[in-house]
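What follows is a short report on a single structure.
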Amino acid sequence: MPTTQTDTGRSNQKKRTRTAIVEAARELIGTGAEVTMPAIARAALVSEATAYRYFPDLPSLIREGLAGAWPAPAEALAPVADSTDPAERVAFACEFLLRGVLLRQGAVRAMIAATITRPETATARPGVRFGLIDHALLPLADTLGTTDPEAFAQLKRDLAVAVSAEALFTLTDLCGLSPDDAVASAVRTATTLTEAALRTTARR
């Protein structure tokens, strides 16, 4: 059955509507304000029901809105590219991530909330921390990563706790720290974990 002009027009309208929803999400995410489906729908000038027809849940829409927002790990860590000090590289990666989280915290909080109540949607989260941690620890890949792969993996897991939005929000929301003090605290923790691993390696 040949495609009619009406079909083409309808298809183009759907693309425009979807694009408008994603752009509205991207703009709202960029403000750092609370991100909700009703707010995105209002900004896109569509009904909430329409937004849900294009995106089954808020995490899937936020994921698309965040697409391209974070640089690749190598680009993010370019200022410390020449450093062979894992602690320095981890400290930089931690601050880079958490400053980015603060800029987009409405979206990040929404993603965390959604995946806590629906763990099966956790794969919708970008997982930026893991790429940054892996890249920051490249100087250890041929040392600790070779001599004690389990210790290397454990360090990455430890850092995934400290280099995280969850750690940041614990420090700001529950410990009462300012955003700057919270970032500094998380960076100290990540650095301490890395230095402890380095000391253990040196003793072997």
request  = Would you check if Ser185 and Leu177 make a side-chain contact, meaning some heavy-atom pair closer than 4.5 Å?
outcome  = yes

message = Using side chain to side chain donor-acceptor pair (under 3.5 Å), reason through Gln13 and Thr17 one step at a time and then give a plain yes or no.
response = CA-CA 6 Å; Gln13 179 58 49; Thr17 300; 3.1 Å; yes

ask   = Under 4.5 Å between any side-chain heavy atoms of Arg99 and Asp180, yes or no?
value = yes

request  = Flag the pair Lys15 / Arg18 as yes when at least one side-chain heavy-atom distance between them is below 4.5 Å, and no otherwise.
outcome  = no

request  = Check whether any side-chain heavy atom of Arg109 lies under 4.5 Å from a side-chain heavy atom of Asp173, and answer yes or no.
outcome  = yes

query = From Cys175 SG over to Asp181 CG, what is the distance, rounded to the nearest 0.5 angstrom?
reply = 11.5 Å

Any residue meeting salt bridge (Lys or Arg N to Asp or Glu O under 4.0 Å) with Glu48, in chain and number order, not counting sequence neighbours = none

query = Rounded to the nearest 0.5 Å, how far does OG1 of Thr50 lie from CG of Leu45?
reply = 11.5 Å

query = Considering all heavy atoms of both residues, which atom of Ala165 and which atom of Leu98 are nearest to each other, and what is their separation?
reply = N-CD2, 4.3 Å

ask   = Linking I/L/V/M/F/W/Y whenever any side-chain heavy atoms sit under 4.5 Å apart, do Trp70 and Ile112 land together?
value = yes

message = Using every non-hydrogen atom in the two residues, find where Thr172 and Pro179 come nearest and quote the distance to one decimal.
response = CG2-CA, 4.2 Å

query = Is there side-chain contact between Ile133 and Val90, with heavy atoms separated by less than 4.5 Å?
reply = no

note = Shortest non-hydrogen pair, Ala107 vs Ile62, comes out as O-CD1, 3.8 Å

inquiry  = Is it true that, when you exclude Glu34 itself, more than 12 heavy atoms of the residues, nucleotides or ligands shown sit nearer than 6.0 Å to its CD?
reply    = no

key: Heavy-atom side-chain contact between Tyr54 and Glu64 under 4.5 Å   = no

inquiry  = Can you tell me how far apart CD1 (Ile21) and CZ (Phe55) are? Round to the nearest 0.5 Å.
reply    = 6.0 Å

query = If only atom types and distance count, is the side chain of Arg129 paired as donor or acceptor with the main-chain N or O of Ala160 below 3.5 Å?
reply = yes

inquiry  = Can you tell me how far apart CG (Leu159) and CG (Leu132) are? Round to the nearest 0.5 Å.
reply    = 11.5 Å

query = Does a side-chain heavy-atom distance below 4.5 Å link Val101 with Val128?
reply = no

Salt bridge (Lys or Arg N to Asp or Glu O under 4.0 Å) involving Arg118 - partner list, sequence neighbours excluded = Asp57, Glu120

ask   = Donor-acceptor pair, Arg104 side chain versus Ala69 backbone, under 3.5 Å?
value = yes

task = State, yes or no, whether a side-chain contact exists between Val161 and Arg157 at a heavy-atom distance under 4.5 Å.
result = no

task = Verify side-chain contact (heavy atoms from CB on, under 4.5 Å) between Leu155 and Leu137, making sure each step is shown before the conclusion.
result = CA-CA 9 Å; Leu155 174 58; Leu137 294 178; 4.1 Å; yes

note = Interatomic distance, OG@Ser164 vs CZ@Phe169, rounded to 0.5 Å, equals 9.5 Å

ask   = Between Asp82 and Arg89, is there a side-chain N and carboxylate O pair less than 4.0 Å apart?
value = no

From Leu58 atom CG to Tyr52 atom OH, the distance as rounded to the nearest 0.5 Å = 6.5 Å

query = Which of these, Asp142, Leu138, Thr143, sits in a side chain to side chain contact (heavy atoms under 4.5 Å, CB included) with Leu140?
reply = Thr143

request  = For the pair Leu61 and Val35, evaluate side-chain contact (heavy atoms from CB on, under 4.5 Å) and give the outcome as yes or no after the intermediate values.
outcome  = CA-CA 10 Å; Leu61 175 50; Val35 177; over 6 Å; no

task = Let me see the working for Phe96 and Leu77 under side-chain contact (heavy atoms from CB on, under 4.5 Å), right down to the final yes or no.
result = CA-CA 8 Å; Phe96 178 87; Leu77 272 63; 5.5 Å; no

query = Are Leu198 and Phe152 connected in a single hydrophobic cluster, I mean Ile/Leu/Val/Met/Phe/Trp/Tyr linked by side-chain heavy atoms less than 4.5 Å apart?
reply = yes

